[in-house]
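To keep things clear, I will list the structure first and then write my remarks on it.
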Amino acid sequence: MELVTPELGLVFWTTISFLIFLFLLRKFAWKPILGAINDRERSIEDSLAKADAAKFEMERLSEEIEASLKQARIERDDILSEARKVKEKIIAESKDAAQAEGAKMIEKARIEITSLKAIAMADVKNQVASLSLEIAEKVLRKQFEDSKKQDELVTELLKEVKI
Amino acid sequence: MEKRSILNSKIFKLSRICALFVALLAISGTAFSQEKANNNPDKPYDPKVAIFEHIGDAHAWHVSLPLVKEFSIPLPVIIYTNKGLEVFMSDKFYNANNEETAYQGKNYAYVLENGKIKVADAAGKPDETVRVLDFSITRNVASMWLGMIVLLIIFGSVSSTYKKRVGKAPKGLQSFMEPLIVFVRDDIAIPNIGVKHGKYMSLLLTLFFFILINNLLGLVPFFPGGFNLTGNIAVTLSLSFIVLLVINFSGNKYYWKHIFAPDIPLWLYIIMVPVELIGIISKPFALMIRLFANITAGHIIVLSLISLIFIFKSLAVSPASIVFVVFMDTIELLVAFLQAYIFTMLTALFVGMAVEEHHHEHGAEI
């Protein structure tokens, strides 16, 4: 029975001590400790949220980069094909121009050649004519050095002339 | 890193086992010395006396260094009689030969009878007619203060570590205590009380650690421990009375409505209201009895097993006795945590029931 009979003194001291102890711990331990734990948990949560946001932002950024890369690639392709076209056009144009120029030059050359040829032909003709005349003069002179032969020719010629 | 922690835990386990054996040696030493103190050559060993001396309270703190020395630390006696307050040290009850005698105080002569202070009459016999209110700093009060000082030192240093290491990971003692604190908050307070838990955290944490440290110190068989504080009905009464006050002062209108105007047919009020009123008392009462009975029973079993050696007067019994004591001590270690947890958990549960909102909203139309 003594075991389950609370002693007044012990009840008194336990109550007083426990309340003081509760007050002391509350003031010097639980408040700062729980405050620190809460703060830390909050900061961890914040950091996690921030990390998530950063991850999201990074994904967004990388998507953006990807998109702009794609855009750039398309633009590059466009520019390249454009350049190719321009190149081909330029080449074609210059080819045409060259061809036209060549043709023109050839034409010019031909005309020149023709005129030169005409001049040369005229020259040759003159030369041939003068040469022929000279040759003929010389041949005639040789032929008609002999007067007998001159007579024979005259006779023959006269025979041919029929009146 | 992993290897090191395994090594540490092995060393830890080893040291715990060693500590347990040292404890066992000492507990047998304590029991032996107690036995010797009570033992007159003509009187056989009475385990009941030895056990009740241990689990009860005393005006002196018995210290025994096994095989070296044993003595009692005198504690202050504070008593109040109809003639007023009187304060003196408890060693006044003993003469030079360490025998109990009467002490002649200012107002009365006092004598110890079975550890209780009584006013002595002229013949040195206890006089029951004068009522003595005993507010002495007994062994239990002193050990309670010791436990409180230990906790204040621990949590003072932990809290200063928190101030020093703001925003950093816990370290040392802090990292040992933090899981316990977070356990009380996340597994006891929040599930039972909910959002309003913040107001009750101090009480719950203090209850938990106060009961835990005293349970654990009570298991230590030599000097600073070896008391039976949490197994003392006066202590559990005080704790559960504080809990009773906290529950009822934090009770909201739903709590009181549940007691005085439950949603039941009127004729049932005759039964239900008294039952609910008893419930106000019986909840803390159960807390009181549970803690008291668990801790006291554990101490009685351990001491009984040790007493076997002295009952049989044979050292040959000691191996069996010690094996059982190791077993019991291990269970007591579990019980120390378990009872601290249960007391705190049930306190949180009762407080949670008292502060719960919209308790009977669903039955409002009846």
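Naming: A, B, ... by sequence-line order, numbering from 1 per chain. Hydrogens, waters and symmetry mates are skipped; everything else that's a heavy atom, side chains included, is used.
The part of B/I78 that comes within reach of chain A is its side chain, from C-beta onward, which places non-hydrogen atoms under 4.5 angstrom from that chain. Only the side chain of A/L34 comes within less than 4.5 Å of a heavy atom in chain B; its backbone stays farther off. When heavy atoms are compared at a cutoff of 4.5 Å, A/R26 approaches chain B by way of both its backbone and its side chain. Both the backbone and the side chain of B/V235 come within contact range of chain A, judged by heavy atoms closer than 4.5 Å. Only the side chain of A/L19 comes within less than 4.5 Å of a heavy atom in chain B; its backbone stays farther off. Contacts between B/L207 and chain A at a heavy-atom distance below 4.5 Å involve backbone atoms as well as side-chain atoms. Proximity to chain B (any heavy atom under 4.5 Å) is shown, for A/S43, by neither the backbone nor the side chain. Neither the backbone nor the side chain of B/T161 comes within less than 4.5 Å of any heavy atom of chain A. Residue contact with chain A, scored on non-hydrogen atoms closer than 4.5 Å, involves the backbone of B/K168 exclusively.
Side-chain atoms of A/W30 do not come within 3.5 Å of backbone N or O of B/L205 as any donor-acceptor pair. With hydrogens and angles ignored, the 3.5 Å screen pairs a side-chain donor or acceptor of B/R139 with a backbone N or O of B/G56.
A donor-acceptor contact closer than 3.5 angstrom is absent between the side chains of B/T138 and B/N140.
Considering NZ of A/K70 and CD of A/E63, their distance stands at 10.5 Å, rounded to 0.5 Å. Taken to the nearest 0.5 Å, the CD1 atom of B/I190 stands 4.0 Å off from the NE2 atom of B/H197.
Here B/F209 is the residue among B/Y80, B/F241, B/F209 with the most heavy-atom pairs under 4.5 Å with chain A. Contact tally against chain B (heavy-atom pairs below 4.5 Å) for A/S17, A/G9, A/G35: the top residue is A/S17. Comparing B/Q174, B/R165, B/M201, B/M144 by how many heavy-atom pairs each has under 4.5 Å with chain A, the most go to B/M144. Heavy-atom pairs under 4.5 Å with chain B peak, among A/F12, A/F23, A/F28, at A/F12. Counting heavy-atom pairs closer than 4.5 Å to chain A, the top-ranked of the candidates B/L133, B/I242, B/T296, B/L229 is B/I242. Among the candidates B/L151, B/I289, B/I79, B/T236, the residue making the largest number of heavy-atom pairs closer than 4.5 Å to chain A is B/L151.
Salt bridge annotation for A/R60-A/E64: present, with a cationic side-chain nitrogen under 4.0 angstrom from a carboxylate oxygen. Under the 4.0 Å criterion applied to side-chain N and carboxylate O atoms, A/K85 and A/E88 are not assigned as salt-bridge partners.
Considering only heavy atoms from C-beta on, B/R131 stays 4.5 Å or farther from B/T81 through its side chain. Side chains of B/H299 and B/N228 form a contact here, defined as non-hydrogen atoms less than 4.5 Å apart.
Aromatic ring centroids of B/Y162 and B/F155 lie 6.0 Å or more apart.
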